[in-house]
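For reference, positions follow the sequence shown, starting with 1. In this text, all values refer to a predicted model and were calculated from it rather than measured experimentally. Hydrogens, waters and symmetry mates play no part in the numbers below; they use all other heavy atoms, side chains included.
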Amino acid sequence: MAARRQALRLAARALEQRLNADTSDHSDAERTCPCGAPARYCGRHSKTFESVLGPLHLERAYYHCAKCGSGFCPRDAFLQMGKFSLTPGVLRMTASVAALVSFEESHSLLHELAGVEVNAKQVERAAEALGSEIADYERVCLDQTGEIAPTMYLGLDGTGVPMRASELSGRKGKQPDGSAKTQEAKVIAIWSAEARDAEGKPVRDKGSVSYSAALESAAMLDTDLKRSDLAERVLREAARRGLTQAARCATLGDGAPWIWNTSTELFPQSIQILDRFHAKEHLSSVGKIIYGADTPPAKQWIQRRYDQLDDGKIDPLLKALDRHAAKHEEARKCADYVRRNRHRMRYAEFHAQGLCTSTGVLEAGCKIVVGTRLKRGGMHWTRYGANAIMALRCCTLSARFEDFWEHRADRMKAAA
């Protein structure tokens with residue numbers, strides 16, 4: 001480790017000397033400021049940048065604009081080091097670790113594994129800024145990624161993100177006093193499942209899942225001329241994955257109305273499938289309320305309802321629920337739930353067609369995209385920060401980070 005550190009120091013000094021010996025960034029007495037006014041050369045200014053080799057102490061030509069009062073160093077833009085005092089290599093490292101672990105842990109990992117010093121606040125600012133860039137990139141880049149399978153699946157779900165109190169002012173929630181502690185992130189997953197397991201059931205194809213997520217609302221008025229932000233996000237992800245070009249597509253979700261409204265509006269041809277395990281959870285809850293938790297009668301009643309559900313015997317299932325509806329409110333609500341979604345619960349028919357009937361991929365996506373990074377103990381987010389980190393994670397998990405980085409480098413070269 002000592003030899004490695006010394007080798008990096010020597011490499012850093014060599015690079016530092018090479019860059020400082022080059023004064024070609026002072027080619028004119030004046031340069032055009034971003035505001036459009038002329039900026040005057042004011043000598044060479046020193047600044048320390050953190051690089052993959054360690055700190056670099058660089059001297060750069062500095063220009064000052066009298067009109068707007070700001071200054072700039074052309075070399076910073078040319079070397080793509082204008083923000084956070086980090087070279088592109090360190091910025092990329094920072095984004096990669098911040099997408100996985102907390103900002104404090106990212107600081108420790110960068111120090112331990114790469115030998116670079118980026119404090120936790122720098123990690124936060126850099127990761128959120130880069131995540132915001134990725135969110136902007138996601139809105140304009142619709143290049144198709146991945147293969148289009150004969151059947152493509154769209155999964156929609158929501159999960160709460162713990163927010164700072166300032167972000168929740170006036171928002172109604174599920175707390176006893178009616179207040180809220182979270183905002184719902186809408187998670188989109190698209191995948192294929194052409195593979196089959198030993199029993200012939202569909203299995204997610206390796207590497208086929210892509211994600212998109214943000215704190216967005218699906219609500220909109222009938223008189224609105226524009227689609228909701230969520231609807232636009234779903235359309236963009238569907239375009240990137242070629243969802244509508246597949247011979248068959250299906251939408252999976254729980255019973256939330258916004259899921260089916262979004263699917264019906266955007267993809268009326270899509271087969272709508274209610275998550276089978278979600279439906280079974282409702283039936284299990286009713287059985288435990290009627291007969292008591294973990295009692296033999298409850299287990300027998302629940303299993304019979306499961307069998308009816310799997311076999312497509314919805315009418316007998318409803319009759320069993322209706323017999324208890326007068327006495328148990330949960331049974332009545334469950335019966336209403338089944339009636340609303342019975343066309344999405346044709347599981348025997350779906351299985352015969354080789355379709356997935358569970359949202360395991362989506363449930364895992366909610367945990368991977370949101371839970372394991374944004375819902376750890378003590379974390380409370382701003383809207384900007386949460387959306388930025390979700391964009392960063394989705395880009396990484398969807399194997400699009402390299403494409404984004406190339407796009408970013410090309411854009412910065414053009415701007416310089």
Side-chain angles (χ1 to χ4, degrees), residues 94-103 105-106 123-124 127-128 130-139 141 145-146 152-163 167 181-193 204-218 229-238 240-241 243 251-254 256 258-259 262 275 278 356 358-377 379-404:
T94 302
S96 296
V97 293
L100 300 174
V101 296
S102 71
F103 303 131
E105 290 170 318
S106 297
V123 172
E124 179 181 354
E128 291 185 354
L130 204 60
S132 182
E133 285 187 41
I134 290 173
D136 292 338
Y137 169 74
E138 183 273 336
R139 293 185 185 95
C141 182
T145 59
M152 297 293 290
Y153 294 91
L154 166 68
L156 302 172
D157 202 358
T159 183
V161 176
M163 306 296 289
E167 299 282 347
K181 287 189 176 181
T182 65
Q183 286 188 27
E184 187 175 61
K186 300 295 195 298
V187 180
I188 303 162
I190 295 181
W191 71 96
S192 63
R204 172 185 58 83
D205 297 323
K206 186 177 180 180
S208 71
V209 188
S210 65
Y211 302 101
S212 186
L215 297 171
E216 289 177 336
S217 173
D229 291 338
L230 172 68
E232 293 292 350
R233 179 176 296 279
V234 173
L235 282 174
R236 292 194 298 270
E237 189 61 25
R240 281 188 287 267
R241 296 303 310 277
L243 182 76
T251 303
L252 285 90
D254 58 25
W258 68 267
I259 294 175
T262 301
D275 175 36
H278 192 272
C356 290
S358 69
T359 57
V361 173
L362 184 57
E363 296 288 338
C366 287
K367 293 178 181 178
I368 293 171
V369 173
V370 180
T372 57
R373 179 61 183 90
L374 280 77
K375 299 173 75 170
R376 296 173 63 181
M379 288 186 174
H380 296 87
W381 296 87
T382 63
R383 186 179 184 86
Y384 169 79
N387 279 336
I389 296 301
M390 282 190 284
L392 181 58
R393 283 183 70 79
C394 288
C395 184
T396 303
L397 293 167
S398 303
R400 295 172 183 157
F401 190 68
E402 190 65 40
D403 292 338
F404 161 74

Taking [X] for its side chain and [Y] for its backbone only, find out whether a donor-acceptor pair lies under 3.5 Å.
| X | Y | value |
| --- | --- | --- |
| Ser192 | Asp205 | no |
| Thr262 | Ala231 | no |
| Lys375 | Gly160 | yes |

[X] [atom1] to [Y] [atom2] distance, which is reported to the nearest 0.5 Å:
| X | Y | atom1 | atom2 | answer |
| --- | --- | --- | --- | --- |
| Asp136 | Arg139 | CG | CZ | 5.0 Å |
| Glu363 | Leu252 | CD | CG | 11.0 Å |
| Leu156 | Thr251 | CG | OG1 | 6.5 Å |
| Ile368 | Leu362 | CD1 | CG | 10.5 Å |
| Trp191 | Arg241 | CH2 | CZ | 10.5 Å |
| Lys186 | Leu215 | NZ | CG | 9.0 Å |

Can you confirm whether [X] sits close enough to [Y] that some side-chain heavy atom of one is under 4.5 Å from a side-chain heavy atom of the other?
| X | Y | result |
| --- | --- | --- |
| Glu138 | Arg400 | no |
| Leu230 | Ile188 | yes |
| Pro162 | Lys181 | no |
| Glu184 | Thr159 | no |
| Arg240 | Ser210 | no |
| Tyr153 | Val361 | no |
| Trp381 | Ile389 | yes |
| Asp157 | Thr359 | no |

Exercise: do Thr372 and Arg393 side chains pair donor with acceptor under 3.5 Å |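 Judged by distance alone, the side chains do pair up.
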Donor-acceptor pair between Arg236 and Ser212 side chains, under 3.5 angstrom |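 Ser212 and Arg236 do not have a side-chain donor-acceptor pair below 3.5 Å.
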side-chain hydrogen bond (donor to acceptor under 3.5 Å, both in side chains) with Gln183: of Glu167, Glu216, Arg383, only one passes, and it is Arg383
Looking only at non-hydrogen atoms, find the nearest pair between [X] and [Y] and report the distance.
| X | Y | answer |
| --- | --- | --- |
| Ala95 | Leu130 | CB-CD2, 3.2 Å |
| Ser358 | Asp275 | CA-OD1, 3.2 Å |
| Cys356 | Ala193 | SG-CB, 3.7 Å |
| Arg233 | Ala213 | NH1-O, 4.0 Å |
| Met390 | Ala185 | SD-CB, 3.8 Å |
| Arg204 | Val209 | CD-CG2, 3.1 Å |

Is the charged tip of Arg373 near the ring of Phe103: under 6.0 Å from the six-membered ring centre and within 45° of its axis?
->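 Judged by the rule (NZ or CZ under 6.0 Å from the ring centre, within 45° of its axis), Arg373 counts as positioned above Phe103.
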Evaluate the ring planes of Tyr137 and Phe404, with Trp represented by its six-membered ring, and classify them as parallel (under 30°), tilted (30 to 60°) or perpendicular (over 60°).
-> perpendicular
